[in-house]
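Take a look at the structure below.
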Amino acid sequence: MRLRSLVAAVAVSALGISLAACGGDDSGDSSGGGSGGDATLTYWASNQGTSLDNDKQVLTPVLEKFTQETGVKVNLEVIGWNDLQTRIQTAITSGQAPDVVNIGNTWAASLQATDAFLPFDGDAMTAIGGKDKFVPTALATGGKEGTDPTSVPLYGLAYGLYYNKAMFAAAGLQPPKTWEEMVTAAQKLTNPAKNQWGMALAAGSYTENVHFAFINAAQNKADWFDADGKPTFTGDGNVQGVLRYLDLMQKDKVANPSNAQYDNGTKSVNDFATKKVAMVINQNNADSSIVANGMKAGEYGVVPFPAPAGGEPVASHVAGINLSIFKNTKNKDAALKFVKYMTDAPTQTTLGKPFASLPVLKDAKPVFTTDATEAATFQDVYNNKSKPLPLVPAEDQYESTVGKAMNAMFAKIATGGTVTADDVKAALKTAEDQVAAGG
Amino acid sequence: MSVATSDAPTGAAAEPAAKKKRRGGPDRRPGLSRKLPYLLLAPAVLLELLIHIIPMLVGIWMSFVKLTKFFIANWSAAPWAGLNNYKVALDFDHAVGEGLLKSFGVTVAFSLATVALSWILGMAAAVALQPTFRGRGVVRTFFLVPYALPAYAGILTWNFMLQRDTGVVNHILADNLGLSSDRPFWLIGGNALVSLITVAVWKLWTFAFLTLMAGLQSIPRDLYEAASVDGAGNVRQWRNITLPSLRPVNLVLLLVLFLWTFSDFNTPYVLFGTAQPPAGDLMAFHIYNASFLTWNFGSGAAMSVLLLIFLMIVTGIYLLVTGRRSRRA
């Protein structure tokens with residue numbers, strides 16, 4: 001009997017150690033009152049500023065203000081973009097999740113499919129201030145069409161074509177209005193001998209690449225999924241759209257082949273800010289990096305990313321960050337209060353500048369730049385010339401498979417190979433099969 | 001007679017009793033004596049169960065269910081998929097199977113090259129450092145730096161060094177030595193595999209060096225002296241004394257190196273980041289992508305089990321063949 005008790009004691013303590021190890025640091029924080037008061041929320045924020053520390057500095061006073069107003073404490077963790085999706089997946093699987101989390105808005109439909117997030121149904125939506133406060137296109141990214149969204153917009157972002165005013169003036173060029181004008185200008189501003197290039201592309205970043213696969217195909221009026229959510233990657237409009245973007249490096253030769261190693265948008269923005277390239281296509285939060293790298297605000301202009309003559313004027317996807325509440329939160333009321341606070345006008349105005357985000361609220365004015373023309377350009381792109389990435393559960397698989405296929409094609413071009421329309425079609429067929437297998 | 005007859009049983013009973021006494025303490029508590037080893041083993045067995053066996057069994061179970069994004073929040077309710085995940089993984093005409101097969105090919109090439117080069121370098125360095133000379137300790141310590149350095153930091157440094165425009169490798173090749181007019185890519189395209197092998201060898205060869213050096217020191221010096229007197233040169237001594245003496249060490253070393261390289265995840269993950277090229281798509285990394293990027297954990301688990309079965313078969317054959325040879329020798 002004594003031996004049995006001893007074994008049982010060892011077993012229980014070993015189990016205890018193991019469970020404690022699995023528990024992580026956030027589970028304990030989630031326990032608290034259900035309706036504010038002394039509750040403590042755990043909040044995972046995505047990296048929006050120039051560094052993780054910068055995000056903490058920006059968010060800390062905002063969160064302190066929330067605590068003062070509501071008595072709800074917030075434990076903040078800022079997570080780098082590359083780790084965020086895996087961290088969310090792990091949180092869903094283990095159940096050891098934060099209360100509130102930032103997500104890339106393009107993942108919304110995929111994350112919704114996991115059933116791990118709180119739907120913003122009538123009551124929840126009312127608790128955060130009602131759906132009417134949001135820009136409709138931004139709110140549309142919150143989940144699958146026709147369902148209660150499981151995320152609401154927090155920071156709006158859109159692509160724009162940044163150009164160097166002095167370089168354009170010296171070459172006697174006007175900012176491009178069509179794809180053809182953009183390529184002509186880029187060719188004129190390219191001089192590989194001087195290591196001078198017309199454009200910089202984040203051609204090794206699968207997320208950036210898939211955005212341009214989507215935008216270029218949308219300019220051709222092509223879709224990536226049919227009405228049933230089945231992939232239709234190999235359609236002619238998609239193939240030609242992808243090839244057009246690849247051709248910036250392959251046929252038009254306006255981008256440095258080294259760009260095939262640029263695995264995030266920052267590198268291409270840095271090339272633009274240090275005046276090695278005349279143009280870069282980036283989201284409006286590039287402003288802070290451009291200025292941080294030495295370019296002055298008046299030295300660059302922004303126009304919508306152009307479509308080919310006669311194409312659909314889609315200049316961006318509806319980019320941005322959404323907020324979600326994990327369904328298993330023990331602090332539902334406090335979490336809803338927090339989402340309301342983060343998406344209310346004063347907080348949006350406070351965070352709009354440091355995170356260079358576009359307002360997700362109706363009638364709000366962009367504050368990320370003092371350049372009225374730039375602000376109006378981005379606002380126009382966001383509200384009128386953007387289309388959400390496919391709002392289907394397989395969206396995340398679309399991003400990874402098509403984005404990685406484009407990485408590989410750019411790598412082939414950069415190392416001296418050729419990519420034809422047939423090659424693009426074959427690569428997209430493989431991606432399509434992978435998505436179908438994942439469903 | 002009566003004395004004799006009466007003595008015999010008394011003596012027979014007395015002898016074991018005396019033996020018992022001689023064995024001392026534990027005998028007084030026979031139950032605990034028998035149970036003590038198991039008791040001492042219990043925590044280890046329990047932790048082994050919790051850390052290795054149960055997760056492995058869960059992994060095997062996962063390979064038989066349709067564990068996609070629709071079920072990960074409540075994964076115990078995932079529907080049964082039977083052998084479907086395995087069928088998809090082994091259908092080489094389909095994108096998933098084709099990708100796995102390509103990844104397998106890359107992994108075989110990577111693993112064989114890495115093990116061979118690590119062993120050759122480790123052996124060369126271990127032999128070269130056998131004779132005592134001034135500064136031998138410093139050189140040995142220097143060789144161990146890659147082993148002591150955190151893998152992440154080391155591999156990340158290689159990533160910087162192998163960048164096309166800003167990396168020191170191309171700077172030396174193109175600017176200093178003038179060996180190449182055009183700067184080659186090292187982290188994308190065909191060279192990616194060369195880079196991957198280089199970094200893996202850099203990381204691993206010192207383990208081979210350490211192990212072989214320890215093995216070399218166990219070989220009696222007089223064998224070499226006798227061979228030297230008989231006129232055997234260095235190469236002959238190496239072939240006829242060093243290699244056969246190191247055989248048991250090599251058997252274990254090569255197997256461990258193979259298992260490590262075949263399931264290497266860190267090197268491609270850190271070296272290539274999210275922009276990994278097809279030439280760097282090692283099995284462990286491929287499985288990670290299959291699970292986390294396409295959200296198909298059932299499929300990823302099936303691939304893991306296939307990898308496990310393959311490694312078990314290879315290990316089994318290796319141990320069988322080398323065991324037979326050892327017995328013959």
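Note that the coordinates shown come from a computational prediction; the quantities given were computed from them, not determined experimentally. Values below: every heavy atom of this structure, side chains too, minus hydrogens, waters and symmetry copies. Within every chain, numbering begins at 1; the chains are lettered A, B, ... in the order of the sequence lines, protein sequences first and strands thereafter.
Annotation: side chain of Val96(B) is not in contact with side chain of Asp433(A) (no heavy-atom distance under 4.5 Å). Put simply, the side chain of Trp295(B) reaches to within 4.5 Å of the side chain of Gln85(A), judged on heavy atoms. Put simply, the side chain of Asn256(A) reaches to within 4.5 Å of the side chain of Asp165(B), judged on heavy atoms. With a 4.5 Å cut-off on side-chain heavy atoms, Pro257(A) and Arg164(B) count as touching.
With rounding to the nearest 0.5 angstrom, the CD1 atom of Ile188(B) is 6.0 Å from the OG1 atom of Thr415(A). The CD1 atom of Ile72(B) lies 8.5 Å from the OG1 atom of Thr90(A); values are rounded to the nearest 0.5 Å.
Of the atoms belonging to Glu98(B), not a single heavy atom falls under 4.5 Å from chain A. With a 4.5 Å cut-off on non-hydrogen atoms, Asn407(A) touches chain B through its side chain but not through its backbone. Only the side chain of Lys404(A) comes within less than 4.5 Å of a heavy atom of chain B; its backbone N, CA, C and O stay farther away. Contact of Ser110(A) with chain B is made through backbone and side chain together, with heavy-atom distances under 4.5 Å.
In terms of non-hydrogen atom pairs under 4.5 Å with chain B, the most contact-rich of Asp396(A), Thr93(A), Ile92(A) is Asp396(A). The greatest number of non-hydrogen atom pairs below 4.5 Å with chain B, out of Ala411(A), Ser258(A), Ala116(A), Gly204(A), is found for Ser258(A).
Across every non-hydrogen atom of Ala73(B) and Thr114(A), the tightest pair is CB-O, 3.3 Å. Closest heavy-atom contact between Ala414(A) and Phe185(B): O-CE1, 3.4 Å. Pairing each heavy atom of Thr430(A) with each of Ala95(B), the nearest pair is O-CB, 3.5 Å.
Enclosure of atom CH2 in Trp260(B) by more than 12 non-hydrogen atoms of other residues, nucleotides or ligands within 6.0 angstrom is indicated. By the 6.0 Å contact criterion, NZ on Lys267(A) is enclosed, its count of non-hydrogen atoms from other residues, nucleotides or ligands being greater than 12. Annotation: Phe92(B), atom CZ; neighbour count of heavy atoms from other residues, nucleotides and ligands within 6.0 Å is above 12. By the 6.0 Å contact criterion, CZ on Phe265(B) is enclosed, its count of non-hydrogen atoms from other residues, nucleotides or ligands being greater than 12.
With no hydrogens or angles considered, no side-chain donor-acceptor pair links Gln89(A) and Lys69(B) at under 3.5 Å.
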